[in-house]
Protein chains: 2
Amino acid sequence: MATQAERTAQTTERLLDATIATLIERGYAGTSLPFVCRRAEMSRGAQQHHYPTKESLVAAAVRRLFEQRLTEFQGRLASTPAGVLDLSDAAEFMWRVYTGNTFYAWLELVVASRTDPTLREVIAPVDALLVTRAEKMCQRFLLPFVTDPNEVTATTRLILSIFDGLAMHRILSRDDAEARRALRIATRQGLFTVKGRDA
Amino acid sequence: MATQAERTAQTTERLLDATIATLIERGYAGTSLPFVCRRAEMSRGAQQHHYPTKESLVAAAVRRLFEQRLTEFQGRLASTPAGVLDLSDAAEFMWRVYTGNTFYAWLELVVASRTDPTLREVIAPVDALLVTRAEKMCQRFLLPFVTDPNEVTATTRLILSIFDGLAMHRILSRDDAEARRALRIATRQGLFTVKGRDA
DNA sequence: AAACAAACAGTCAAGACTGATTGTTTTTAT
DNA sequence: ATAAAAACAATCAGTCTTGACTGTTTGTTT
């Protein structure tokens, strides 16, 4: 019926989605191959065929997750003209992205990569790419008047760190109102703007 | 020779230190009981006697780690008179704390607790206590003129999130200079101060 | 010093995971 | 139509972990 290319695409997609879902639900350590295969309703052999080792499966999942996160980040900002951006609105949008699940899947990978060199080699360059894209967005919307590249990079890192940190805290304290208050303080203090512009 | 209380104290200390060291070196998933025992140069039986289950060992390690982190946080600020605090100095101190190992041990526990309810029950209250202490310090040094408790809480969370986030990024990109630039931007933007005070 | 309790040592059984192997079905190319 | 290749299925061997169990040493109490 289906061509082989289609079958492959469908199977690998199911497999990668199951991997990411498991990452979210059970964490990196809990993401075992038998469990992922059960979730994807697929035999171990099928998985073995497409991804011979766990490492190769995870590597592919990292790339897929990267695309998902990037899409989420760009979801709202892509259609916004450069320079015209309501700040608290943007913060609200970003917060919604960060309270989604892809952040936690990414977090699992990053934290696991700290003590797993091979995973680190896979995720580090992809993360760097994600940060670069974030920088470009920041440059376009938040920091159009800043010319020093170092400044842009550092400010982007600060902004990402705030969201990462707040989302991390959300693991233990699910108080969204407080996180929003923290974000309001950050925007009010003009953190997301530099020299000559304000919220 | 040694009294039993001393023996117990020494053994549990060795065990908990080995647990924390393993947490740092191999992550939560890699912290197996045989490995911890080898590291502590101790038999499985000894560990079994003092901490019958893995959960009980980890719970004790959490409490010990809490004390270590709290000590680090207070290390410099305790001797500083309230109100007189050089801001970039304080940020530098905090950054040194966060680039230490206890943060990463804590990170492992927090991230693992996301998908491990029993661990979460152990670490959530301890983390809440840590945040409360941080709030008190912030109130004393950074926000003495702020009266709204919500404001203090939210600002503290923002500050902690920045350090948490920056330290997390450090896992993949070890560029300390950039992190320091980000911190400088945060302080320069008056993020760590509220109304009426500046850096 | 004798009896008791705590601390410590070593081993085992059940279960889980990864990578490998062998066999079966489905698609493709000649 | 048929051989080759890709996709899929099922099972196995080896290693690891946790909790449990039995025995030994060390400290305490009376």
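Proteins get letters first, then strands, A, B, ... in listed order; numbering begins at 1 in each.
- Distance from the side chain of Ser43(B) is smallest for dC8(C) among the nucleotides dC8(C), dG19(D), dT18(C).
- A close approach under 4.0 Å does not occur between any side-chain nitrogen or oxygen of Thr3(A) and OP1 or OP2 of dT27(C).
- Nucleotide dC17(C) holds its C1' atom 8 Å from the NZ atom of Lys54(A), rounded to whole Å.
- Within the 4.5 Å cutoff, the side chain of Ser43(A) has no heavy atoms near those of the Gln48(A) side chain.
- Here Thr11(A) reaches the OP1 or OP2 of dC8(D): one of its side-chain N or O atoms lies under 4.0 Å away.
- Distance from the side chain of Ser32(B) is smallest for dT18(D) among the nucleotides dT18(D), dG19(C), dC8(C).
- The side chain of Arg7(A) lies closest to dA7(D) when the candidates are dA7(D), dT18(D), dT11(D).
- Separating the CD atom of Glu41(A) from the P atom of dA10(D) is a distance of 14 Å, rounded to the nearest angstrom.
- Side-chain contact between Glu92(B) and Leu183(B) is absent, with no heavy atoms from C-beta onward closer than 4.5 Å.
- Rounded to an integer number of Å, the gap from Arg38(A) CZ to dT18(C) C1' is 14 Å.
- For the atom pair OG1 (Thr155(A)) and CD1 (Ile185(B)), the distance works out to 3.5 Å, reported to the nearest 0.5 Å.
- In this structure, the CD atom of Gln48(B) is 15 Å from the C1' atom of dG23(D), given to the nearest Å.
- Between Gly45(A) and Gly30(A), the one whose closest nucleotide on DNA chain C sits nearer the 5' end is Gly30(A).
- Taking the side chain as every heavy atom from C-beta outward, Phe163(A) and Phe103(A) never approach each other to under 4.5 Å.
- A sub-4.0 Å separation between OP1 or OP2 of dA6(D) and a side-chain N or O of His50(A) is absent.
- Residue His49(B) places none of its side-chain N or O atoms closer than 4.0 Å to OP1 or OP2 of dC8(C).
- Note that the CZ atom of Arg181(A) and the CZ atom of Arg188(A) stand 11.5 Å from one another [nearest 0.5 Å].
- Separating the CZ atom of Phe35(B) from the P atom of dT17(D) is a distance of 9 Å, rounded to the nearest angstrom.
- Separating the CG atom of Leu15(A) from the P atom of dA7(D) is a distance of 13 Å, rounded to the nearest angstrom.
- Residue Arg26(B) has its side chain nearest to dT17(D) when only dT17(D), dG19(C), dT27(C) are considered.
- Side-chain proximity of Pro34(A) to dC17(C), dT18(D), dA9(C): nearest is dC17(C).
- Distances were taken from every side-chain heavy atom of Met42(B) (C-beta onward) to each of dT18(D), dT17(D), dA9(C); the shortest belongs to dA9(C).
- Remark: P of dT26(C) and CD of Glu6(A) are 17 Å apart, rounded to the nearest angstrom.
- Both Ala5(B) and Leu33(B) lie near DNA chain D, and the one whose nearest nucleotide falls closer to the 5' end is Leu33(B).
- Within the nucleic acid shown, Gln47(A) has no heavy atom closer than 4.0 Å to any nucleic acid atom.
- Note on Thr8(A): every side-chain N or O is 4.0 Å or more away from OP1 and OP2 of dA6(D).
- Rounding to whole angstrom units, OH of residue Tyr51(A) and P of dT18(C) are separated by 16 Å.
- Looking only at atom types and distance, the side chain of Asp116(B) has a donor-acceptor partner in the side chain of Thr118(B) under 3.5 Å away.
- Considering only side-chain atoms of Ala46(B), the nucleotide from dG19(C), dC8(C), dG19(D) that sits closest is dC8(C).
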